[in-house]
Amino acid sequence: MPTKKTQTTRVKTTKATKSKIAAKKKVVRQTQSPSHRTPQSLAGPFSKSEKYVPQEFESKWFEKWQADELYKTAPADERPKAYILDFFPYPSGDGLSVGHCRNYVPTDVLARYYRMKGYNVLHPMGWDAFGLPAENAAIKMKTNPAKLIAQYAANYKRQFALIGISFDWSREINSSTPEYYRWTQWIFLQLYKAWYDRRVNRARPIADLEKELAEKGTRDIDWAEPLTAEQWSAMDLKARREYLSNLRLAYRKPAWLNWCPQDKTVIANEEVKDGACWRCGTPVEKRMLNQWFFRITEYADRLLADLDTIDWPEHIKLMQRNWIGRSEGAEVKFPVDGSDQSITVFTTRPDTLWGATFMVLAPEHPLVEELTTPARQAEVEAYVKEAMRKTEADRTAIEKDKTGVFIGSYAINPVNNEKIPIWVADYVMMGYGTGAIMAVPAHDERDFQFALKFGLPILPVIERTDGLAKSFALGGTMRDGFADALRAESIPFEEKQGSLYITIPANKLDRYIEMAQEFVVPGKWNEIVGARWLFIFGKGDIWTFGGIESEKKILARCHELEPNVRHKRTVMEMLYAVEFYRDALFHAEYGAMINSNEFTGTPGDVAVKRVTEWLEKTGKGKRRVHYKLRDWGISRQRYWGTPIPIIHTDQGEVPVDEKDLPVKLPDVESYEPTATGESPLATIPKFVNVTLPDGTPGKRETDTMGTFACSSWYFMRFADPHNDQEPFAKKQVAYWLPVDTYVGGAEHAVMHLLYARFWTKVLYDLGYVPFVEPFKQLRNQGMILAPDGKEKMSKSKGNVITPDEVVKEYGADALRAYEMFISDFEQATPWSTQGLGGTWRWLRRVWDLELQPNNRPAPSATTDPADRALRRAMHKAIKKVSADIEGFRFNTVVSSMMEFTNAIVDLQNQVSAAAFDEARDTLLVMLAPIAPFMAEEIWARKGRPYSIHQQKWPRYDASLAADEMMTIPIQINGKLRDRIELPVGASEAEVKDAALKSENVQRHLAGKTPLKVIYVPGKMVSLVVP
RNA sequence: GGGGCGAUGGCGAAAUGGCAGCCGCGGCGGACUUAAAAUCCGCUGGAGUAAUCCUCCGUGUGGGUUCGACUCCCUCUCGCCCCACCA
């Protein structure tokens, strides 16, 4: 049983007010407020209250705003426009959480703010409705995805209304409707009918290409498969179509792709995270399928360069830069020994060519089969098969040991004509470069490991940049007195069990070589590694380790002299056995070239350039830029997506005529995915079989487009959402686009945000839009975490907080204000119900303040100081709130509003009626974007003309915001010693004079004269004292 | 392995190189109340002190630049994120 708490009398002296800063005045806050109840206890009979009960009026106002079309976008006009957009959501059955609101509330505040500032604002919303989650949910619930989406979207829409988001619903779009995807298909066809002309660096109609081919073949098109005009003319329709597909921006080709066995479809590279499907987390497999791609790689350079022109978070830009992954290097051809084949490799280190001791092909490389010798065939086939079977995650696991098999053939290193073995290994990826590498084990970590494991020679061809040189003198290899001699030369070493571990300073190298010759025991040897590579067998008997010949000779001699090393297959393997040498054997720096014939001695900073130039001149290779970016795989073997408008015939593929769009998704009973890599649409003969106008029978493409196609242009459709003649009128898009402010999560950094930029550039090239970047300003909202600890909100953890429950308890305005106030917009932060209570109390204080009667006196000399103080606070608030809204500093918007509220409360009993109302009205108008319901309700109760949301944003007046007095802190040697109050106009001399007169300053100066008196106007005085 | 972002009271946080901690939460004390809740008022980084004066310490660590550093530069630690056998 709990004991009754006895009275505890706390004897504690009441602390009196700190005088602290003079600006902080001791004003007693008094509000003649009615009593209030907690929001939690609001459940009661409905009545129009004097108190702040948001539940009584919020929904009423939203209905009225909708009925009055208050947020309907005006047609393009003379006003400046503001296009403020949220990532359009993928409606899910879970609805919105307070985390999602972090996205929608601030953009709504922006939209409302810019409307009041006189901008023509476009703030639309729609649904990214196609795609796997809806389809999977529909299969599970045995319903239709369209129905499900409609249901989910309705719920989202209800929630948006609940929290007062001012979307223009007359522009609502749904990407899964034929009215929308008709134009997604249309854009697909524009890509299909275009090719990238590298000479002018833009996309052009494919018809231009056909014309050019007919006239002069590929004479001027050096990146295409060579073709003469005669050859082109001789080609039949099918051959021409096949030829052109190698240049179209939308094309189909067989390729190894990421297959998600859970979703039973191919997914794009961008959708693979840590070797698994980004949606369901299932490890992806590789499958060879004939698939549709968009040739985004042609735009790699422009996608990279234009990042510099847009206002996006740096980390997002960086992710895109890394994803595009531009790297400069050279392509080098290695002829295959005894064959007319050759292997082309890409390298960023052409300066290491002389150290290439073997080649490696990716298991998928087309030459593997051809170049494998009969003797090696069984082993190679088994290896390749095994590699294909592995998931991407298995194959790329970092700790994994290197594996590989020699295929029996040799290549010729074009720079020194050395014959080097060709291997196949899964550490080489078909997807990057050419799928084949020259291995330079001395200067590439992976090649080094591989060479050590398989006993392949490792030949240093680049000098160390740190000059590290080491020698290990095994006990018995050097005559007595060697240690003493080293000491005499002050060459540092350690002695362990009779062996010496020597680190040779650069300036002692030559001396050391002399000594080693002197002391080495006949029949033994001493070696130097690192800065030099020398084997010292005796006086004048020094062999340099450099090049394949010396490798063989040194190894043979060591084997002969020392039985213990006979099992070592290479010189480096022998050296590697000495633990002490490990850090001196390998490096990947850009140093001077060594052991590289005529290039030996080329300094590290010019080596790559000189070798590349030489390769080009001698025709052995050429400069090349490679990108990590791959072409965008768009095919999905699923039902719920935009059908690809292509028909396959005996004569090749034929695009659906634009006037026959849309190719509609058939209504079906079952649309479960098949495991065969074929879309469920393929099982519907009525859909598949078509006859072309000329009577040719055809079969429709049955893959659908991934949803990122839909989202790559929806922001353009919002400019003209109901156009049934074209995707959008050029005039509308030219007025509204690009999007001024775009807000959403960072998870789309290399998916949607990259694809949308790409489509925009294509549409620009083809003349449909007048801009090259779709989103001028991008911001990512921070995540809202669960209240306890730092966990994410998730349905499975049961810690999701919905706007519905918050609105029920506190009203939408408090939710909105708290979403803004909670933290810096981009920062992840935990939700706090107590913090929410704080913003609720602030709104209630505003309510009371606004609705109390104004019985203050007329302006007079008595009220003048307070009136001026209040106006100052007001104009400062206008300035700060405006700047912070525009600068995405929503948390300080709310804190500035709170400060302004406090200022009115503090001064309310000293000001005139006019000043009081002026301040209250300004506060209310500025509150409108933040707390639209309450602002409207108070506005109405005060009898003002509807609607507060159509009022002008208050104007800032710098002269009224100006302070009369300033507080100048005084520092002595960096420490704060006093503050002085002076009129704002005080001159430098006056300030310095006042500072020196200060009692505290005098005391701390203790009679000394300052060496320096620094006055930063209006900011501070800094004294420097010896 | 490479790269990025971040670290400030008990908590969320603020601070064009110029008074660290605005605003809010929580806490403490008071007013009102029979009492509580709510509301209102005051205090609230740490230490010393009778003290509201005053002094010292304090923005993850250690250094540097500067009259002056949360802010700029370097080092390290921790946390989060991205990329990753990328040739």
Side-chain angles (χ1 to χ4, degrees), chain A residues 10 12-21 26 28-31 33-38 41 273-274 313-316 318-319 321-323 325 327 329 345-349 352 360 395-398 400 402 425-429 431-440 444-447 449-450 626-628 746 749-750 790 818 821-824 826-839 841-842 844-845 848 889 891-892 894-899 902 967-976 978-979 1000 1003 1010-1014 1016 1018-1025:
Chain A
R10 286 240 192 163
K12 200 166 181 183
T13 37
T14 317
K15 285 181 197 165
T17 322
K18 254 190 186 172
S19 70
K20 256 201 167 173
I21 302 165
K26 287 159 236 168
V28 178
R29 249 178 224 165
Q30 296 172 351
T31 36
S33 61
S35 69
H36 288 281
R37 301 191 298 166
T38 50
S41 58
K273 226 187 120 165
D274 297 331
E314 273 309 315
H315 69 276
I316 301 284
L318 195 71
M319 278 167 72
R321 285 192 189 104
N322 292 341
W323 189 260
S327 64
V345 302
F346 174 71
T347 177
T348 54
R349 293 297 301 268
T352 65
V360 187
R395 239 182 96 169
T396 58
I398 295 304
K400 201 187 63 131
K402 294 267 178 297
D426 66 4
Y427 81 91
V428 173
M429 304 288 146
Y432 184 77
T434 60
I437 61 159
M438 62 166 193
V440 183
D444 181 282
E445 179 92 53
R446 296 151 300 173
D447 298 344
Q449 280 171 23
F450 192 85
H626 264 275
Y627 299 93
K628 274 164 52 177
V750 293
K790 301 276 177 192
Y818 186 59
F821 185 57
I822 188 163
S823 173
D824 179 83
E826 303 212 337
Q827 177 112 26
T829 200
W831 184 258
S832 159
T833 305
Q834 282 177 332
L836 172 67
T839 54
R841 281 195 286 275
W842 165 59
R844 195 202 41 216
R845 263 154 54 78
D848 293 343
R889 293 179 295 269
N891 54 338
T892 53
V894 174
S895 75
S896 304
M897 289 288 285
M898 286 173 169
E899 279 183 80
N902 292 343
T967 307
I968 301 292
I970 305 163
Q971 284 186 354
I972 299 177
N973 288 346
K975 277 188 193 282
L976 178 71
D978 203 4
R979 301 182 182 90
N1000 275 355
R1003 188 156 49 77
L1011 296 174
K1012 227 174 174 184
V1013 181
I1014 299 159
V1016 184
K1019 289 276 198 257
M1020 78 143 45
V1021 172
S1022 187
L1023 306 181
V1024 187
V1025 168

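Values in this document were obtained by computation on a predicted structure and should not be read as measured data.
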Nearest-nucleotide pick for A/M429, side chain only, options being B/A84, B/C23, B/A87: B/A87
Sugar-phosphate, base or nothing in reach of A/S823, heavy atoms under 4.0 Å: sugar-phosphate
B/C22 OP1/OP2 closer than 4.0 Å to side-chain N/O of A/N902: no
Touch class at under 4.0 angstrom, heavy-atom based, for A/R889 against every strand present: nothing
Closest-nucleotide ordering on RNA chain B, the 5'-leading residue of A/G433 and A/K1019: A/K1019
Heteroatom pairs (N/O) under 3.5 angstrom, protein to nucleotides 67-74 of chain B:
| residue | atom | partner | partner atom | Å |
| --- | --- | --- | --- | --- |
| B/C67 | O2 | A/S1022 | OG | 2.6 |

Candidates B/A14, B/C57, B/C23 - which lies nearest the side chain of A/K975: B/C57
Assigned glycosidic conformation for B/G21 [threshold 90° from 0]: anti
N/O (side chain, A/T829) to phosphate O (OP1/OP2, B/A13) under 4.0 Å: yes
Give each protein N/O atom lying under 3.5 Å from an N/O atom of nucleotides 4-7 of chain B, with the pair distance.
none

Any A/R321 side-chain nitrogen or oxygen under 4.0 Å from OP1 or OP2 of B/G3: no
A/R841 side-chain N/O to B/G26 phosphate OP1/OP2 under 4.0 Å: yes
Any residue meeting ring-ring contact (aromatic ring centres under 6.0 Å, His included) with A/F821, in chain and number order, not counting sequence neighbours: none
Donor-acceptor pair, side chain of A/D447 and main chain of A/V440, under 3.5 angstrom: yes
Per A/P830 side chain, nearest of listed nucleotides B/A87, B/C56, B/G12: B/G12
Nearest listed nucleotide, side chain of A/R979, among B/C54, B/C85, B/C19: B/C19
For B/U55, the Watson-Crick or wobble counterpart (both distances under 3.5 Å): B/A47
Whole-Å C1' distance, B/G45 and B/A15: 16 Å
Side-chain N,O (A/R446) to OP1/OP2 (B/C86) below 4.0 Å: yes
Opposite nucleotide pairing with B/C19, Watson-Crick or G-U, both atom distances under 3.5 Å: none
Touch class at under 4.0 angstrom, heavy-atom based, for A/D447 against every strand present: nothing
From B/C19, B/G12, B/C23, nucleotide with atom closest to A/I822 side chain: B/G12
Whether A/Y818 and A/W831 hold their rings parallel, tilted or perpendicular, with breakpoints at 30° and 60°: perpendicular
All ring-ring contact (aromatic ring centres under 6.0 Å, His included) counterparts of A/W323, not counting sequence neighbours: none
Mind listing the N/O atom pairs, protein and nucleotides 80-82 of chain B, below 3.5 Å?
| residue | atom | partner | partner atom | Å |
| --- | --- | --- | --- | --- |
| B/C82 | OP1 | A/K273 | NZ | 2.4 |

For A/F346, all residues meeting ring-ring contact (aromatic ring centres under 6.0 Å, His included), sequence neighbours excluded: A/H626
